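The block underneath contains the structure these notes are about, expressed in structure tokens.
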Amino acid sequence: MSTYSKKQVADLVKGDLDWDTVHLMLSMPKDGDRYKLYMEVLQDNVDYDDKIILAMGPHLNVVERTSDKEIVIKCDCGHDFGDYRKNWKLGALIYVRDNVEKMEQIYPALMAPDTSWQVYREYYCPSCGIQHDVEAPTPWYPVMHDIQPDLKTFFEWLGMPAPAKI
Ligand code: ZN
């Protein structure tokens, strides 16, 4: 039995819950149905049929592709970034804020970081244009690979059958 309703989980994902409820959900032991409910809520937010198995970001998911059972990363709009073990950022549109003019679009004058020390790299979906991530590295730093999920261990931990191609 689930402690929380699907509507509460949906409101949590949307950021519509009041802080007291969020705090309670964060601090209480998680019920067994939470993963299933969370994935249902994410699936309701997208038009594609590929099965969502993990959230990578607010609009980015690891999915099991229906057509060939491959595990790939997809934007909510359906854009396919390919194999989940590769860095999806390399298939994104990248905007680099690396000079005063670009920084002053988001900071008041003289308040921005010195771009010889720090730049911003913004990663956008090539299909729908939604922003998926922002990095704030030194200019020479390589594109960061934030996470490569260990799906085999994850599904063992969930106690659920894992997708075939992980
Ligand atoms: Zn997209």
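These numbers come from a predicted model, not from an experiment. In listed order, ligands and their atoms are each counted from 1.
The pair Asp98-Arg121 fails the salt-bridge criterion, with no side-chain N (NZ, NE, NH1 or NH2) lying under 4.0 Å from an Asp/Glu carboxylate O. Taking a cutoff of 4.0 Å between a charged side-chain nitrogen and a carboxylate oxygen, Glu64 and Lys165 do not qualify as a salt bridge. Using a 4.0 Å cut-off between charged nitrogen and carboxylate oxygen, Glu70 and Arg65 do not count as a salt-bridge pair.
A distance of 6.0 Å or more separates the ring centres of Tyr38 and Tyr4.
The Zn ion (ligand 1) has Cys75 SG, Cys77 SG, Cys125 SG, Cys128 SG as its protein N, O or S neighbours under 2.8 Å.
Under the side-chain hydrogen bond (donor to acceptor under 3.5 Å, both in side chains) criterion, Asp44 pairs with Lys6, not counting sequence neighbours.
Of the candidates Glu104, Gln118, Glu122, Glu122 is the only one forming a side chain to side chain donor-acceptor pair (under 3.5 Å) with Arg97.
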